[in-house]
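The next block holds one structure in the form of structure tokens; read it before the comments.
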Amino acid sequence: MAEEKKITDSGIVIKPLYDYKDLQTPFTIEMPGKPPYTRGIQPDMYRGKLWTMRQYAGFSTAEESNKRYHFLLSQGVMGLSVAFDLPTQIGYDSNHELAEGEVGKVGVAIDSIEDMERLFDGIDLEKVSTSMTINATGFILLALYVALAKKQGADLTKITGTIQNDILKEYAARGTYIYPPKASMRIIIDIFEWCSNDLPKWNTISISGYHIREAGSTAVQEIAFTLSNGKAYVKAALEKGLDINVFGKRLSFFFNAHNNLFEEIAKFRAARRMWCKMMQELGATDEKALMLRFHTQTGGSTLTAQQPLNNIARITLQTLAATLGGTQSLHTNGYDEALSLPTEEAARIALRTQQIVAFESGIADTVDPLAGSYFIENLTDEVEKKAWELVHKIDAMGGSVNAIEEGFMQNEIAKSAYAYQRNIESGEKIIVGVNKFNVDKETPIPGFKIDDGIRQLQIEKLNILKNKRDQAKVNVCLQAIENAAVNQQNIMPVVIEAVENYCTLGEISDCLRKVFGEYQA
């Protein structure tokens, strides 16, 4: 009887046994903290400093989210990660007709500087690192954060955090875009330029593979498409005349962690090596500009509504993959997130999962503990080889923007998602509790509910704000944004001034809709 073949979701065949003959390149002693960073970007990795333990949270009103942030900080979270509702993500105030039914549902509703003040009430922005998952309106949320920091009297040179700001993956996988690709790229480069001078410790972009993976890509596609998008941003910045050794240090990445422990570890190691080579080819010489620094979130699409407590085991596996793979920060999902936003209990267990791995597993005691494993080294090479094949295809199309406009990335992701689902339905791929090891009766898990009255609360706040602000100043600020967009000036200074004068997120977005138009897929 022929032995059953073992193949990863990326199509890599796994042999029953690996030895020294499986090392595809002569084994060399590569040190962590040195190019090409396969073994990690710091010489001492977690012995020197643990990864940042973030918890992604945001729901309902700014006041409610603020309570959750204080709870998470009291439980040992090292950095905040903000989720925004859909209207905020696509540039609509809560009173817009298209916002109905969505306000505060998948994240917090932010319409103005007043909402930002409520969101971070009692939190010193100089002392906390904040990551914001926001793209099309990323420049507005950054402006709001900067305006709030200035109100707090903070030194902007000490402010740390990240805006996701990765619009290309929105066209390829997620859909929360507003403006056409070229206009969106122009805004992103404005952010790079402004932060280089005024917010030097801020990560200006988190180039995201997470949502590409959530849309159904394989591990190989995740890094190939993400790094190609990264290359497109770097090329756009170079065309603007920015210094790659300056802005290159503030680029960061955001990856997914799935259940195939070894393929995921190999993915992270391969991605670092590939990015180092890409940046060298693009002209970077500063070692810090060659580093691929990344945040990881455990896989939302891997969570099951059936037997949801099983998700704790999945999240633990994914935590091991991220940390053994050398992540710089990590968010662990709540076990109940296939059913609702996470409850406080689920959020606490998710954080405790990271803390147990950090302080009880021994993973943090040495750097890159799986280096030298015949299997891991071979798998790292295999993942890298397959990812380069896709990168070269995208390069031949003229880069990521063209590949997205031609539908290449979208089609590849759709094919992988279909194949994955087909394998589950045929039983070829086992998902515990879904297509095998089922139970006759499930114990109900109480979900986290959002009050449907949130939108009316936000509308009332907006009405009060608009009645007390100086409308003449608002009009001047909005005209200044329009002028800057038309005249190819950097929009960040005028957007910051606008939010300081109580212009709303929707008003600023509409200003640029007039200039750039809206993208239609």
Side-chain angles (χ1 to χ4, degrees), residues 31-46 48-49 51-52 54 78-79 125-126 128-132 138-139 142 145-146 149 154-168 185 187-209 223 226-255 268-269 271-296 326-329 490 492:
M31 298 306 291
K34 290 288 178 188
Y37 304 111
T38 313
R39 301 197 61 194
I41 63 168
Q42 302 295 343
D44 55 356
M45 283 304 286
Y46 305 138
K49 182 189 174 191
W51 63 92
T52 300
R54 295 190 185 277
M78 303 168 180
L125 299 191
E126 259 192 38
V128 69
S129 167
T130 303
S131 171
M132 295 189 278
F139 66 104
L142 178 60
Y145 196 82
V146 168
D155 179 350
L156 293 188
T157 65
K158 293 179 181 173
I159 296 294
T160 60
T162 306
I163 41 170
Q164 189 165 101
N165 199 28
D166 173 8
I167 202 66
L168 290 179
M185 291 290 278
I187 293 170
I188 287 167
I189 304 312
D190 280 359
I191 294 168
F192 285 7
E193 184 178 47
W194 185 83
C195 288
S196 292
N197 298 317
D198 293 80
L199 210 65
K201 289 190 174 178
W202 191 265
N203 296 325
T204 52
I205 193 166
S206 176
I207 304 155
S208 175
I223 60 168
T226 306
L227 298 185
S228 290
N229 288 348
K231 185 195 278 193
Y233 293 124
V234 172
K235 283 186 166 182
L238 290 171
E239 284 167 13
K240 186 80 185 282
L242 303 188
D243 185 344
I244 193 170
N245 287 319
V246 175
F247 75 80
K249 295 176 190 176
R250 302 321 312 167
L251 305 176
S252 67
F253 288 80
F254 174 27
F255 290 120
F268 296 130
R269 298 173 91 244
R272 273 194 296 271
R273 198 154 71 196
M274 290 174 72
W275 185 245
C276 180
K277 185 177 178 185
M278 275 186 180
M279 287 296 275
Q280 285 171 329
E281 288 173 350
L282 289 163
T285 53
D286 189 304
E287 287 195 354
K288 287 192 174 174
L290 304 175
M291 290 178 179
L292 183 144
R293 298 169 300 117
F294 68 98
H295 169 69
T296 310
T327 194
Q328 276 60 70
S329 74
N490 192 302
M492 283 306 297

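Any value given below was found using the heavy atoms of this structure, including those in side chains, with hydrogens, waters and symmetry copies removed.
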Query - G326 backbone acceptor or donor facing R39 side chain under 3.5 Å - result: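 Not confirmed, R39 side chain does not pair with G326 backbone.
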Query raised in the report: For the side chain of R54 and the backbone of S129, is there at least one donor-acceptor N/O pair under 3.5 Å apart?
Result: yes
Query raised in the report: Between H295 and S131, does a side-chain contact (heavy atoms from CB on, under 4.5 Å) hold up when you go through it step by step?
Result: CA-CA 10 Å; H295 169 69; S131 171; 5.6 Å; no
Query raised in the report: When rounded to the nearest 0.5 angstrom, what is the spacing between NZ in K158 and CG in L125?
Result: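 The distance works out to 13.5 Å.
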Considering only distance and modelled atom types, tabulate donor-acceptor pairs under 3.5 Å from the side chains of residues 275-285, sequence neighbours left out.
from, atom 1, to, atom 2, distance (Å)
T285, OG1, N245, ND2, 3.1

Grab the two heavy atoms, one from [X] and one from [Y], that are nearest each other, plus how far apart they are.
X: I163; Y: T204; answer: CG1-O, 3.8 Å
X: V128; Y: G79; answer: CG2-CA, 4.5 Å
X: G209; Y: T226; answer: CA-OG1, 2.9 Å
X: Q328; Y: L292; answer: OE1-O, 4.0 Å

Query - Stepwise side-chain contact (heavy atoms from CB on, under 4.5 Å) test for K240 and D190 - result: CA-CA 9 Å; K240 186 80 185 282; D190 280 359; 3.5 Å; yes
Any [X] side-chain heavy atom under 4.5 Å of [Y] side chain:
X: I167; Y: I187; value: no
X: L142; Y: M492; value: yes
X: F268; Y: T327; value: no

Query raised in the report: For E287, what residues pass the side-chain contact (heavy atoms from CB on, under 4.5 Å) criterion, not counting sequence neighbours?
Result: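 Only K34, P35, Y37 meet the side-chain contact (heavy atoms from CB on, under 4.5 Å) criterion with E287.
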Query - Partner set under side-chain contact (heavy atoms from CB on, under 4.5 Å) for S206, not counting sequence neighbours - result: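 S206 satisfies side-chain contact (heavy atoms from CB on, under 4.5 Å) with T162, Q164, S252, F254 only.
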Report task. Among D166, N165, L227, find the residue that satisfies the side chain to side chain contact (heavy atoms under 4.5 Å, CB included) test when tested with I207. Result -> D166
Query - Ring centres under 6.0 angstrom apart (Y145, W202) - result: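 Ring centres of W202 and Y145 closer than 6.0 Å.
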Query raised in the report: So R272 and T38, side-chain contact (heavy atoms from CB on, under 4.5 Å) or not? Walk me through it.
Result: CA-CA 6 Å; R272 273 194 296 271; T38 313; 5.8 Å; no
Report task. Please lay out, stage by stage, how Y233 and M185 fare under the test side-chain contact (heavy atoms from CB on, under 4.5 Å). Result -> CA-CA 7 Å; Y233 293 124; M185 291 290 278; 3.4 Å; yes
